[in-house]
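Below: one structure, written as structure tokens.
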Amino acid sequence: MAKGSQRTMARRGTYASQAVKEYWQYVWDREDAYELADAENPTYVLGMFPYTSGTLHMGHVRNYAITDAYARYRRMCGDDVLHPMGWDAFGLPAENAAYERYTDPESWTEACIAQMREDMADMGFGYDWSREITTCRPDYYRWNQWFFREFHEAGLVEYKAAEVNWCPDCETVLADAQVQEPDPGTGDGDGIGEAPAADTDAGPDTDAGVDADVGPDAHDHAGVCWRCETPVGRRELDQWFFTITDYAEELLAGLDDLDGWPDSVREIQRNWIGRREGARVTFEVEGHGDVDVFTTRLDTICGATYLAVSPGHDLAAALAAKDESVARYVDAARASAHGGMSGVETDATAVNPVTGEELPVYVAAYVLEDVGTGAVMGVPAHNERDHSFAMEQDLPLRQVVEPVDGSADGLPGEPYTDAGMLVDSGDYDGLASSAARERLLSDLAAAEPDVTYRLRDWLISRQRYWGTPIPVVHCEECGPVLVPEADLPVELPEFVQTTGNPLEDIDSFVETECPECGRPAERETDTMDTFVDSSWYFLRYLSPDLDTAPFDQEVAGEWLPVDVYVGGEEHAVLHLLYIRFFTRALADLGLVDVQEPVERLVNQGTVLYDGTKMSKSKGNVVNPHEYGAETTRLFVLSAAHPERDFEWTARAVSSSYDLQQTLHGLVESFVERAGVREEREPHDEYVAREIDRTIAAATADYERFRFHQAVTEIRQLAALLGQYRDYDTPHEAVYRRGLGTLTRLVAPLTPYLGEEMWNLLRGEGLVAHADWPTPERDVADYDVERRLVRTLREDVRDIFDVANIENADEIEITVAPDWMYRAHEVARSADEGDALVGQILEDDAVPAGEDAQAYAEELLERRQELERMLDADAEYGLLDRAAWLLSDEFDAAVTVRRADGDDGAEKARPGKPAVHIR
RNA sequence: GCGAGGGUAGCCAAGCCGGGAAACGGCGGCGGACUCAAGAUCCGCUCCCGUAGGGGUCCAAGGGUUCAAAUCCCUUCCCUCGCACCA
């Protein structure tokens, strides 16, 4: 058949996914295609559920395209797959939206959910919607309250005063993310002025609350309120905490075994937990009892020239009570987040437990209340901050450590902070730092080994409406009392527009009676951090309708942990630490029997536009539907490795569109084919084997989440099948199998197209439930085989080009004589010391003669670099099957033959046949 | 400062874990087929030299290990991100 005519035929139809989406959505729905009923141990594939911000953005699409492709792949492999979706529906932005639009958070959130669910359906994501969960509904958040009770009972809940960011105008605490830099004029468009959640990536949101209070950066801000630009102050409030620090050691140690997690996340968590080994040293302060300090440099204790406590320290309060100037300083320092190297000397003195010296006691802002013990021994010679403070306050330096190698130590201008050898330390002189630390610990009654963590307890109180009410009643007599389990859930009252916390204004909510003594009492009006909601949602999916427990323990025992969890890396320390904490806490409560919630974690990269992350505030957002949902989905999967960032370009997107058209066109033209061929020829065999090779390669790519590589395989097979179709009337079974393979390989990436192609091919049932293709032949050598064919084609092209051949009648391919393969094999398997040439020439398969002698010597020369080869038969067979590619390309007859002695095949070698063009 | 991850042809980007092809694929560019033409589609080329498959140089820079390195090791430079008044 002439080449052109079929090619034009192939262009007949155009695949328009818009038109077919509704149909397949209907069918999937009708068949409950993605529901999981009962299963022994399904593969649990989870994407971080989205904050309900209103519409699906590109970050979501990338996130969920990855889980969907993988879930579909596993399902086709025969696994039971749990692939649920839900809504992280509580949070500050809904409240703000309610203010701005004169509505209420619930209506707003429900509208967002409806929109996003529709967006997801449109993208073809196959979720088990029967397991949908929504965190703002009482049937979900009641279990937050239940957990609060359980944790309380287990001693994991504390109620204590905490210092937080406070906006006096809005009358609420602010999340760190809600505190702006004071100077917006030079803003480089990093999202300032946006609701924090408005353009975040998929996943549990970082919106409401003082999240950063689990860490240290709350101390860093001297900013203004993001909403009203009022300078943010500090305020001390009674707050509820989960004592995640009880698990600091476990959470840290557990990281070592999380092999399925990216190193980066594990490292970030290690940093965040920040374990420090050191010593707790007691200094006696005359008239005030003892003051403990924590130090990692006990070896420098003799260099202490002062003692400093934080403005929040008990000693500071005691001293302030007697001393006006101390009181003034403490007040000023506590009101401001930035104290610099300010401080105030007090009239107290502390005794150095080693030297017995009396040290002046300071109150200093640089000493943080919640770090270590809130007090430090000041060693200006060997600590950066102490040095700065001493310079500022004109305190003396005393060097007690010297560099061992006698190099310059930088003192007194700079502190010497490295380890070294002790001097001016009495009995400890001459010891190395580490040895001195050990000795001091054993000698000193006042010093004990101690460990501190950077990790803080998890402050879960939020002075917001749109969250889970903390199930506590405050009674004047009984103090804070837990709401009894039988009275749960404590439901949110109807929303009212107000400044500050709406719950405080709703008397019917606040006024209640004490569960213990029955007297009038007030409800807690704080709600929980939304990260509480997302800390256990993966458990709720297991039994979303259960109303007697948060989740079915038996099911959890079988189905956990989550096999694959996909989401953005921005949650490395918050959500991903909390979810681990919860799991461990629940394990200790006997509710689950895994220690870690997630086996394998994938952090998807971001989608860039003009080199920066797509975000509303930068105005560089591409709507996922702008280019067609399925094209977008295929593009985000094929553009790059899932963990890497990539650039959105319209051109690259259009090549994803083209690929869909190509695939659809191939199937369509097959269905409309004029004739078929039954007898099988060598080139059919080539295609058949290439199909196998593609299956093997693409399957490996899917296993490793290399969807972009799988797409490359699909492209290549599609190109080959197109060439095959145009070369000659295709063999019915081979071609059909090729198209069926292509269909199934692409179906997880483009589910609508997959169904459409499958349907055209009259595949059985849905492609979503079809069996993943398997190779029919051994494909262990596929890389060697592909390389041989590729090299040959390149060589032939080279010859045409270099020899300037316009037209050829015949291309003759001659494979090397059998004995050469044998000789090659002998050479490859020979040991280093063997007499190679002799060994080859003695081999029965190698004929005597000059040729053999020459080849043996050649092998000897290259013996180290010999590569694995096909054997003679395999090579001949492969080339015979591949000959059509040359014939098609050069429009010449191609013969493949084996060398038979005196035939001009001198150049042929194993892996490199002789080529003659006539 | 500490820690993590990167730097691959005009551009994007794979390969690096398990060393062996001037290095997948896409975009752009060039040439060709099909066409009145354009678009779409298809084929080839796209580091340098070469009239029979050859040679040279190459994966940030430099050094090392190895028969063999983009891949392993060391040093340097650059970029991105995380942590940092943490005692």
Side-chain angles (χ1 to χ4, degrees), chain A residues 2-5 7-8 10-11 14 215-217 219-220 262-272 274 276 278 293-297 308 338-341 364-368 370-379 383-386 388-389 417 452-454 569-570 572-573 635 638-641 643-647 649-656 658-659 661-662 665 697 704 706 708-709 711-716 719 722-723 726 783 786-788 790-792 794-805 862-868 888-889 907 912-917:
Chain A
K3 282 186 181 181
S5 60
R7 278 175 184 153
T8 26
R11 289 289 311 144
T14 298
D217 34 355
H219 302 285
D220 250 336
D263 287 344
S264 58
V265 172
R266 294 198 282 174
E267 197 57 32
I268 288 169
Q269 293 208 349
R270 281 189 196 104
N271 276 342
W272 188 265
R276 288 281 145 72
V293 304
F294 176 80
T295 178
T296 55
R297 292 298 303 274
H338 267 295
M341 282 299 152
Y366 85 94
V367 183
L368 304 177
D370 57 355
V371 174
T373 61
V376 300
M377 61 178 199
V379 186
N383 177 282
E384 298 271 355
R385 287 171 307 278
D386 294 350
S388 304
F389 185 75
T417 57
T452 65
Y453 300 89
R454 211 172 63 88
E569 193 176 19
E570 63 272 20
V573 281
F635 174 63
S638 60
H641 185 300
E643 305 206 331
R644 293 278 284 253
D645 296 349
F646 70 84
E647 179 78 18
T649 62
R651 284 191 203 288
V653 176
S654 76
S655 95
S656 287
D658 293 346
L659 177 58
Q661 299 301 337
T662 302
R704 298 173 67 206
R706 302 297 204 269
H708 61 299
Q709 294 294 88
V711 170
T712 295
E713 288 295 335
I714 289 165
R715 278 184 194 280
Q716 286 169 344
Q723 188 182 2
D726 295 340
D783 51 339
R786 280 180 166 177
R787 194 190 316 178
L788 177 66
R790 185 175 144 172
T791 313
L792 175 66
E794 282 170 358
D795 284 348
V796 174
R797 279 173 209 141
D798 258 3
I799 296 167
F800 268 85
D801 188 41
V802 174
N804 224 341
I805 300 169
R862 298 169 38 228
R863 68 184 299 178
Q864 304 263 249
E865 62 192 78
L866 296 177
E867 291 180 45
R868 191 164 58 96
D888 189 44
E889 181 173 341
K907 285 197 171 174
K912 198 154 179 75
V915 176
H916 286 273
I917 299 171

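In what follows, chains are A, B, ... by sequence order, proteins preceding strands, each numbered from 1. Treat the numbers as computed from the prediction; the structure is a model and nothing was measured.
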Output the single nucleotide from B:rU41, B:rA14, B:rC85 whose closest atom is nearest the side chain of A:His708. B:rA14
Both distances below 3.5 Å, Watson-Crick or wobble geometry, any strand: find the nucleotide opposite B:rA40. none
If you compare every side-chain N and O of A:Arg276 against the phosphate oxygens of B:rA87 (OP1, OP2), does one of them come in below 4.0 Å? yes
Please report the distance separating the C1' of B:rG6 from the corresponding atom of B:rU57, rounded so that it comes out in whole Å. 26 Å
Nearest to the A:Arg454 side chain among B:rG53, B:rC83, B:rA87, which nucleotide is it? B:rC83
Taking it one step at a time, do A:Glu794 and A:Arg797 satisfy salt bridge (charged side-chain N to carboxylate O under 4.0 Å, His left out)? CA-CA 5 Å; A:Glu794 282 170 358; A:Arg797 279 173 209 141; 5.5 Å; no
A:Val367 near the nucleic acid: base, sugar-phosphate alone, or nothing, with a heavy-atom cut-off under 4.0 Å? base
What's the closest nucleotide to the side chain of A:Arg790 if the choices are B:rA21, B:rC83, B:rA14? B:rA21
Using side-chain contact (heavy atoms from CB on, under 4.5 Å), reason through A:Val376 and A:Val371 one step at a time and then give a plain yes or no. CA-CA 10 Å; A:Val376 300; A:Val371 174; over 6 Å; no
Between A:Gln709 (CD) and B:rC12 (C1'), how many Å, whole number? 14 Å
Suppose we define a pair by two distances each less than 3.5 Å, Watson-Crick or G-U wobble; what does B:rA22 pair with here? none
From B:rG25, B:rA87, B:rG26, pick the nucleotide closest to the side chain of A:Ser655? B:rG26
For atom P, what is the distance between B:rC72 and B:rA84, given to the nearest Å? 32 Å
Counting the atoms with a prime plus P, OP1 and OP2 as sugar-phosphate, which does A:Ile917 contact under 4.0 Å by heavy atoms, base, sugar-phosphate, or nothing? base
Which part of the nucleic acid, if any, lies within contact of A:Arg786, taking any heavy atom under 4.0 Å across all strands shown: a base, the sugar-phosphate backbone alone, or nothing? nothing
If we take the C1' atom in both B:rU8 and B:rC2, what is their distance in whole Å? 29 Å
Would A:Arg297 and A:Val379 count as a side-chain contact (heavy atoms from CB on, under 4.5 Å) if you check the C-alpha gap in whole Å, the side-chain angles of each, and the deciding distance to 0.1 Å? CA-CA 10 Å; A:Arg297 292 298 303 274; A:Val379 186; over 6 Å; no
Check the distance between B:rG1's P and A:Asn383's CG and give it to me in whole angstrom. 18 Å
How far, in whole Å, is B:rU76 from B:rG25 if one measures between their C1' atoms? 33 Å
Taking atom C1' in both B:rG64 and B:rG19, compute the distance separating them and give it to the nearest angstrom. 15 Å
Rounded to whole angstroms, how far apart are CG on A:Asp798 and P on B:rG53? 9 Å
When both hydrogen-bonding distances must be under 3.5 Å and the geometry is Watson-Crick or G-U wobble, what is B:rC77 paired with, if anything? B:rG7
Under 4.0 Å between a side-chain N or O of A:Arg297 and OP1 or OP2 of B:rA87? no
In terms of the angle between their ring planes, are A:Phe635 and A:Phe646 parallel, tilted or perpendicular, with boundaries placed at 30° and 60°? perpendicular
Are the side chains of A:Glu643 and A:Ser264 in contact, using a 4.5 Å heavy-atom criterion? no
Taking the C1' atom in each of B:rC47 and B:rC42, what is the distance between them to the nearest angstrom? 27 Å
State, yes or no, whether a side-chain contact exists between A:Arg715 and A:Thr662 at a heavy-atom distance under 4.5 Å. no
Taking CH2 from A:Trp272 and C1' from B:rC81, how many angstroms apart are they, rounded to a whole number? 15 Å
Please confirm whether the shortest side-chain N or O distance from A:Arg270 to OP1 or OP2 of B:rG3 is below 4.0 Å. no
Does A:Asp386 reach a base, just sugar-phosphate, or nothing at all? Heavy atoms under 4.0 Å. nothing
Can you check the distance between B:rC73 and B:rG20, where both ends of the measurement are the P atom (answer in whole Å)? 15 Å
Mind checking if A:Met341 touches a base, just sugar-phosphate, or nothing, with heavy atoms under 4.0 Å? base
Testing the basics here: between A:Arg454 and A:Asn271, what is the closest heavy-atom pair and its distance to 0.1 Å? NE-O, 3.0 Å
Nearest-Å distance once atom P is located in both B:rG31 and B:rA70: 34 Å
Using purine N1 to pyrimidine N3 plus N6-O4 or O6-N4 for Watson-Crick, or N1-O2 and O6-N3 for G-U wobble, each under 3.5 Å, what pairs with B:rG1? B:rC83
If I take atom CZ in residue A:Arg715 and atom C1' in nucleotide B:rU41, what distance separates them, rounded to the nearest angstrom? 14 Å
If pairing means Watson-Crick or G-U wobble with both distances under 3.5 Å, then the partner of B:rC58 is none
With both distances kept under 3.5 Å, what pairs with B:rC17, Watson-Crick or G-U wobble? none
Can you work out whether A:Thr791 or A:Arg706 has the more 5'-proximal nearest nucleotide on RNA chain B? A:Arg706
Minimum-distance nucleotide (side-chain atoms of A:Ile268 versus B:rG82, B:rG15, B:rA87): B:rG82
Can you tell which of B:rC42, B:rG26, B:rA87 lies closest to the side chain of A:Thr662? B:rC42
Which nucleotide wins on minimum distance to the side chain of A:Gln716, given the candidates B:rG25, B:rG53, B:rG20? B:rG25
Kindly say whether A:Gly372 contributes a backbone atom to a donor-acceptor pair with the side chain of A:Arg276 at under 3.5 angstrom? no
Side-chain contact check for A:Asp263: nearest option of B:rA14, B:rG5, B:rA23 is B:rG5
Assess the residue pair A:Glu713 and A:Arg786 against the criterion (salt bridge (charged side-chain N to carboxylate O under 4.0 Å, His left out)); give the C-alpha distance rounded to whole Å, side-chain angles, the decisive distance to 0.1 Å, and a yes or no. CA-CA 13 Å; A:Glu713 288 295 335; A:Arg786 280 180 166 177; 3.4 Å; yes
Kindly point out which of B:rG53, B:rC24, B:rG26 is positioned nearest to the side chain of A:Lys912? B:rG53
Grab the CD-C1' distance between A:Gln723 and B:rG44 for me, whole Å please. 12 Å
Report the distance from atom CD of A:Glu889 to atom C1' of B:rA33, rounded to the nearest whole Å. 14 Å
State which of B:rA87, B:rA14, B:rA52 makes the closest approach to the side chain of A:Ala803. B:rA52
How long is the line joining CG of A:Leu659 and P of B:rG26, in whole Å? 10 Å
Of A:Glu794 and A:Gly374, whose closest RNA chain B nucleotide lies nearer the 5' terminus? A:Glu794
